[in-house]
Every structure is written in C-alpha cells, then in structure tokens.
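Let me begin by presenting the structure, written as structure tokens, before commenting on it.
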Number of protein chains: 2
Amino acid sequence: MSQQRTGSPGNTPGTPDFPDIPEATVARLPEYLRALHSLAEAGHDTASSESLAVAAGVNSAKLRKDLSHLGSNGTRGVGYNVERLIGQIEHVLGLTTLRAVALVGVGNLGHALAGYSGFTTRGFHIAALFDADPTRVGERINNLVVRHIDELAAVVDTCRIAIGVIATPAHAAQGVADVLVNSGVTSILNFAPCVLSVPDGVDVRKVDLAVELQILSFHEHRKAALTGTVTL
Amino acid sequence: MSQQRTGSPGNTPGTPDFPDIPEATVARLPEYLRALHSLAEAGHDTASSESLAVAAGVNSAKLRKDLSHLGSNGTRGVGYNVERLIGQIEHVLGLTTLRAVALVGVGNLGHALAGYSGFTTRGFHIAALFDADPTRVGERINNLVVRHIDELAAVVDTCRIAIGVIATPAHAAQGVADVLVNSGVTSILNFAPCVLSVPDGVDVRKVDLAVELQILSFHEHRKAALTGTVTL
DNA sequence: TAATGTGAACCAGTTCACAGCG
DNA sequence: CGCTGTGAACTGGTTCACATTA
C-alpha cells in the first residue's frame, strides 16, 4: 500500500447506489484490472477466482471477497466473465472518462513521468507540464510545452484538471501543493520526499522511491543476520 | 504500503538480539528517518513524539508504539534525542553500510532512476546499469556505462549486489527477475506493471505508477458522485 | 459438480487512556 | 509536570470453510 491519505477523514459514507468499498480493496482493484486485461489478451473470456488471483498475485478468497463488494458478478461453477468484470472495475474506479492530469516539475523524474506511456494507456492524459525554472519553460516534451507554474491556476481551470502530480524537489513541494489545491485540484500524487498538508477533501498519495529501497534494505539486513546465525 | 511481498512467508522469527518488528512499522521507519533528518537540519537536537509525528505525517501514539519496537529511546518529560534516534533507525534498517543496487532497463523511467539523487543521498549506490537493447549498451549515464544484460550475473557477483531494480517493460520483467535471482540478488524493486514470481527468501516490492493514479481516480469518482448528490 | 459468495473465526494494526518515570 | 511506554479496547482486514447456486 502506498501511504499518506488525507481527505474523507472519517469513513466513506456509502450510498445505496455507490456502496462503500474498503480502502484495501480499492487499492487492489487496479491490479485485478491489469490481470484481467492480460487474460483478455491471452484469449480467455472467462476466468475463475483462482486463475485471476494467481494473475494478480493474491489468494482467491481475498479476490472473491473484494469482488463481492462490487456486487456479484461471477457465475457459480464457471467463474467471471472477463470483459464484463473489466467494465465493472473500470466503472467503479471512474476510469470510463479519460482523466486529465497536471504534472509539476520536469526535472529528472518529472521528465520521465511526462513520457511514461503507462499513464496514457491506463486511463490518464497528461494535459499540462509546469516548472518553476524559467530556463525549462518552453521546452517541448512528448508534444507538450512546459509552462511556467504561474500559469497553473488558469490551465487547471480551463482544462478541468482534478489530479496533480508533484515531481519537484522536497523544498518546493508544499508550495506547489498549495497552488494546486487553490486551483481546484482535489487529488495529488506526490513524488517529493516530504509530508504535504492539504485541506480535508483533498486526497494525497505519496510515492517515495528511496523509502522502497530502505524497506528492502531492512529485509536484507535481517536475512543477513539470520544467515550469519547466532548473534552478531 | 506498497504491495507484493514474497519471502519469509510465515512470520518474522525474531531473535532476542534482533527483535521482530511489525511490517507496518518497518514501512514507516524510513519516513521517521526523513523527518528526523529534517528536524536535525533545522537545529533541533531533541524532539517530542508529537512534533516528530507531525513531521512524519502520523499520529503520536502510533509513532511511540513504532519506536518502542526498537527498544526505549526516549526520555520521559523530554522526548527523543534526534541524533541518537537517527542512528537507531539507520541501524535497524541496515543503512549503516552503503548498499549496492543494480538497475535493469534504462528506458524512459530507468534513465530517470539512474540519475535520481535521492538514492545516492539515502544509503544506496547504483553500482551498475543493464539493458537488453544492444543500441543502448555503452551509453554513459551519470558516470556509469550501460552494460548488456548478459553481463549481469558476473557483475552482481563481483560487486556483491543484493538489490535489483527492474525498470523494463512488463513483458521482459519476469525474465530479468529470474536472471537477478539466479545471480544472487535477494531483493527486487519492480516498476514493471506485472506480478513477479520468485523463490522463497526473495523479497519483492512493487511500485506501479498508474495504479496510484487509478486509486486517486476512484476517490475523484466518489467525490464527484457525492457532490452531485442524491443518486446519479 | 465446480465454482461463487459469505458468515464466522482469526489476526494485524491502530487508537485510547493512563500508569510510570525523568 | 510533561512526556514516554504500554496494556486494553477497538477497528479493519484476511482467511477459513461451507452453504448455495448455475
């Protein structure tokens, strides 16, 4: 699971029409979706909970319980209809409309994200790039011109952008977040290694590449200690 | 937390000398470390659980319980000694030795990762770059020459590399993982959008950029549904 | 019959609230 | 007195195992 969540501080309300889905389940739905697409490509038009679970890297009981939150979609004795389930999950995740994303910070990482085809192929459209550095403004990346961050509010407004990605250095991130929020962005994906504070109702997810390695480091350390055996 | 974990399938054993620490706590220690470094830079040499918790974006009770797993380090009535706690956490995470990392795949994302200063400044050293594409072999990135993936086993062995980063397209990732594992790598950070299968004892963490956006998309979708109010 | 869907048991993780200590 | 450290209560999530159904 990634990490920081702000907004909707209490529980998801849940309406009859829009049942509330546990956060842990939500975090796995995209993985199921990916697995389903790969099964579809392989020619399967139906899949059992077991085969889907394997493709998604979870156990089948968990998968069935997760899917049960979207209403019952399977057929007993048969499994799930792949195309139907893809539609189901895309609907729940709100992927039926292409979502516009603003990317702030076109340094090393931001540059790569701007060119990352995975966003484009999975429901998102990078609509605008921003940077604070005037020497970078005007640069063309992947058919998009880098704009100065002062233009952000206007662009977010006209392009109806609801999601912002922060790929700036840590010291600039909070300022960028403030601008994004004031411009009407309500979801932020933060790659800067720092905590963002945002008002209620704004969701933040954080990805910290170094943290991932540090977690692996812990396990390496532990494995080494156990292999060397008997104290150290 | 990020996601896939393989290896140590049961529970962490835990020795008197190396107490077992809950996985959720391990995942937060790097964040505490970062917060501590920023407090240290700001000149604090002591910090209360409350102030540290704010800097790390968690609540103070959780932070205290997390730290209690490393043994008691605070002083009642005062707080924690910042430098001492930094040392404590670095020790537990195994960050006292610089860890060598092999990066496979120098496409869009891999290129950015190779140049990412956050790895270097936080305990890791990218020791070698690999790619399968012969036209990329020989390219120089950040003072490192891209090698052909066939050389991987030899380099991993001589440089004693225990951690591998996969930044290849999904279809190549499992093959790369196999090579890494056979070469002696025991921890993998996977940026490819696919499930890897690895033997017990090998840890895998997965970062999927598009998944993060899809999770945000869900919340956007929900917020929109609730704002539009009364069914849809 | 072969699979789903789900109550019930279980487990990990979080929060509370306060005793204990410097 | 103010803070940490921690048992106890609670919450959310996972797994089990089976009744149910196409």
Side-chain angles (χ1 to χ4, degrees), chain A residues 1-5 8-14 19-29 31-32 36 39 44-82 84-85 88 215, chain B residues 1-5 8-14 19-29 31-32 36 39 44-54 56-82 84-85 88-89 215:
Chain A
M1 62 219 102
S2 271
Q3 20 282 48
Q4 195 182 128
R5 265 290 318 285
S8 350
N11 265 21
T12 325
D20 54 11
I21 300 180
E23 193 56 35
T25 297
V26 171
R28 283 187 295 264
L29 290 177
E31 198 59 34
Y32 300 157
L36 283 162
L39 287 175
H44 298 77
D45 54 344
T46 185
S48 68
S49 64
E50 182 57 31
S51 61
L52 224 188
V54 169
V58 301
N59 75 49
S60 62
K62 191 188 285 187
L63 180 131
R64 286 201 302 280
K65 184 145 284 189
D66 282 341
L67 294 186
S68 76
H69 291 290
L70 341 170
S72 296
N73 293 306
T75 309
R76 290 168 200 242
V78 179
Y80 300 90
N81 177 308
V82 171
R84 184 168 136 67
L85 193 49
Q88 227 16 250
I215 295 170
Chain B
M1 73 203 100
S2 276
Q3 21 280 56
Q4 196 181 124
R5 266 287 320 284
S8 350
N11 267 18
T12 324
D20 53 11
I21 300 180
E23 193 58 33
T25 296
V26 171
R28 282 187 296 264
L29 289 178
E31 198 61 32
Y32 300 157
L36 283 162
L39 287 175
H44 299 75
D45 54 345
T46 186
S48 68
S49 64
E50 182 58 31
S51 61
L52 224 188
V54 169
V58 301
N59 75 49
S60 62
K62 193 188 286 189
L63 179 130
R64 286 200 302 280
K65 183 146 285 188
D66 282 341
L67 294 186
S68 76
H69 291 291
L70 340 172
S72 296
N73 293 306
T75 308
R76 291 166 200 244
V78 179
Y80 300 90
N81 176 307
V82 172
R84 184 169 136 67
L85 193 48
Q88 228 15 253
I89 295 179
I215 295 170

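Protein chains get the first letters and strands the later ones, always in sequence-line order, with residue 1 at the start of each.
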For Asp20(B) and dA12(C), what is the distance between atoms CG and P respectively, to the nearest whole Å? 11 Å

Would you say that Lys65(B) contacts Thr25(B) through its side chain, given a criterion of any heavy-atom pair below 4.5 Å between the two side chains? no

Let me know the distance between CG of Leu63(B) and C1' of dT6(D), rounded to the nearest Å. 14 Å

Does a side-chain N or O of Tyr80(B) approach OP1 or OP2 of dG22(C) to a distance below 4.0 Å, or not? no

With respect to the phosphate group of dA3(C), does any side-chain polar atom (N or O) of Ser48(A) fall under 4.0 Å of OP1 or OP2? no

Output all residues satisfying side chain to side chain contact (heavy atoms under 4.5 Å, CB included) with Asn81(A), sequence neighbours left out; order by chain, then residue number. Glu83(A), Arg84(A)

Please state how far atom CG in Leu52(B) lies from atom C1' in dC3(D), giving the value in whole angstrom units. 14 Å

Round to the nearest Å and state the distance from Asn73(B) atom CG to dG22(C) atom P. 15 Å

Sugar-phosphate means primed atoms, P, OP1 and OP2; the rest is base. With that split, encode nucleotides 14-22 of chain D 5' to 3' as B, S or - using protein heavy atoms under 4.0 Å. SB-B--BBB

Residues at least two apart in sequence or cross-chain that pass side chain to side chain contact (heavy atoms under 4.5 Å, CB included) with Ala53(B), listed by chain then number, are Val58(B), Ser60(B), Leu63(B)

Taken in chain and number order and not counting sequence neighbours, the residues that satisfy side chain to side chain contact (heavy atoms under 4.5 Å, CB included) with Val82(A) are Leu36(A), Ala40(A), Ala47(A), Ile86(A)

Rounded to whole Å, CD of Glu23(B) lies from P of dT14(C) at a distance of 12 Å

Once you round it to whole Å, what is the distance between C1' of dT4(C) and CG of Leu67(A)? 10 Å

Heavy atoms from C-beta onward define the side chain here; which of dT4(D), dG13(C), dG5(D) lies closest to that of Ser72(B)? dG5(D)

Length of the NE2-P vector between His69(A) and dG12(D), whole Å: 12 Å

Arg28(A): what forms a salt bridge (charged side-chain N to carboxylate O under 4.0 Å, His left out) with it, not counting sequence neighbours? Asp66(A)

So, using side chain to side chain donor-acceptor pair (under 3.5 Å) as the criterion, who are the partners of Thr75(A) when residues are at least two apart? none

